[in-house]
Every structure is written in structure tokens, then in C-alpha cells.
Amino acid sequence: MRLALASSAVLMSAASFAQSDAPMVGDKPLVQVKPRGMAKHAAVKQAAAKPQSTAVRLQGCLDIDDGTKERLNCYDEVYKPAPKDKAPAAKSVADCRYAKEEDERLACFNGFVESMPKLPKG
């Protein structure tokens, strides 16, 4: 019984020592390579982290169905709403955030953004 217990303790300790060392090929450590999907994922992260121009972000909102709350939310992320009781007539797309009614604000944004020349997304 003691012999079995002693031999299992020796084998367990040897296994734990073997796992703590990095695998070696000859006298050099084994190099681990990232899968291809990880490199692609890193490129997507960098592209997402790269700031886009306001016009490109606004035109990206056009991909969302027209007349929906989601499109208005997309516009509102670019220009935070700041409703005024007597909003002046919008002279630029930035002035649309002053419209009090959501439908009015959405129509204002759509009017300006749809008339913009198409920009490259990259």
C-alpha cells in the first residue's frame, strides 16, 4: 500500500514539473503560431478602432431601414440630440439635432445625408 502511494506521488510530481516547462525542440523553445482567423480578427479590430469621418458614419446609417427608430438612433450617435422648442431651419446636417420631434429629425437627417456625394467607406 505504501509503495503504491509513494509511486503515485512521484509520478504526479513528475507530471506537474513536465507541464510547467515550455515545450522544447532540441535546445530551442517550441514556437506557437496564431490561427489564421485570429490575424483576420485583429485586422477587423484595427479597422473598427480607426476613427471614421462624420460623413462616412452618417452614410452608414443609410444601410438601416428608412423610417425606423434604429436609423434615428444611428444618426443620434453621430450628432447627439439637443431639442429646442423653436428650432431654426436646418442649414446643415448638424442642425437637425435641434428638431424636437423624432420624425422631423429623421426626415431632416435623411434629406441631408441622401444628398451627400457617396464617399468610400475605407
Side-chain angles (χ1 to χ4, degrees):
M1 179 72 170
R2 288 184 190 176
L3 184 60
L5 185 59
S7 63
S8 65
V10 169
L11 290 175
M12 296 271 246
S13 64
S16 66
F17 283 122
Q19 289 178 357
S20 64
D21 294 333
M24 301 288 280
V25 176
D27 60 341
K28 296 181 182 179
L30 179 66
V31 177
Q32 294 184 0
V33 180
K34 291 182 184 176
R36 288 182 183 238
M38 296 301 288
K40 185 177 180 183
H41 183 65
V44 170
K45 269 188 172 179
Q46 285 179 344
K50 185 178 179 183
Q52 294 179 329
S53 71
T54 303
V56 170
R57 290 173 35 205
L58 287 170
Q59 285 181 345
C61 296
L62 293 177
D63 295 337
I64 301 171
D65 290 335
D66 189 19
T68 61
K69 180 74 173 161
E70 288 80 20
R71 185 184 273 195
L72 180 62
N73 289 341
C74 182
Y75 288 137
D76 288 345
E77 286 178 17
V78 179
Y79 287 111
K80 302 293 182 213
K84 292 183 177 181
D85 288 333
K86 294 185 179 181
K91 296 180 182 174
S92 71
V93 70
D95 294 338
C96 294
R97 63 182 160 170
Y98 300 125
K100 194 171 186 178
E101 294 294 322
E102 289 183 350
D103 292 337
E104 189 179 328
R105 194 165 70 239
L106 180 61
C108 179
F109 278 124
N110 283 338
F112 280 104
V113 177
E114 289 172 350
S115 66
M116 289 176 149
K118 298 296 178 203
L119 300 170
K121 293 189 179 193

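What you see is a predicted model, and the numbers here were worked out from it, not measured in a lab.
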So, the side chain of E114 versus the backbone of L62: is there a donor-acceptor pair under 3.5 Å, distance only?
-> no
Under the side-chain contact (heavy atoms from CB on, under 4.5 Å) criterion, do Y79 and L58 qualify, and how do the steps go?
-> CA-CA 9 Å; Y79 287 111; L58 287 170; 3.9 Å; yes
Check whether any side-chain heavy atom of D65 sits under 4.5 Å from a side-chain heavy atom of E70, and report yes or no.
-> no
Give me the atom names and distance for the closest heavy-atom approach of [X] to [Y].
X: C74; Y: I64; value: CB-CD1, 3.8 Å
X: G111; Y: S115; value: O-OG, 3.2 Å
X: V113; Y: Y75; value: CG2-CE2, 3.8 Å
X: P83; Y: A99; value: CB-O, 4.1 Å

Please determine which of R97, K69, R71, R105 meets the side-chain hydrogen bond (donor to acceptor under 3.5 Å, both in side chains) test together with D76.
-> R105
Do V56 and M116 sit in the same hydrophobic cluster, where Ile, Leu, Val, Met, Phe, Trp and Tyr count as joined when their side-chain heavy atoms come under 4.5 Å apart?
-> no
Taking a hydrophobic cluster as the set of Ile, Leu, Val, Met, Phe, Trp and Tyr residues connected by side-chain heavy atoms closer than 4.5 Å, whether directly or through intermediates, do V78 and L72 fall within one such cluster?
-> yes
Residues D95, F112; criterion side-chain contact (heavy atoms from CB on, under 4.5 Å); working and verdict | CA-CA 10 Å; D95 294 338; F112 280 104; over 6 Å; no
If you round to the nearest 0.5 Å, how far is SG of C108 from OH of Y98?
-> 11.5 Å
Out of curiosity, D66 CG to L106 CG, how far, rounded to the nearest 0.5 Å?
-> 6.0 Å
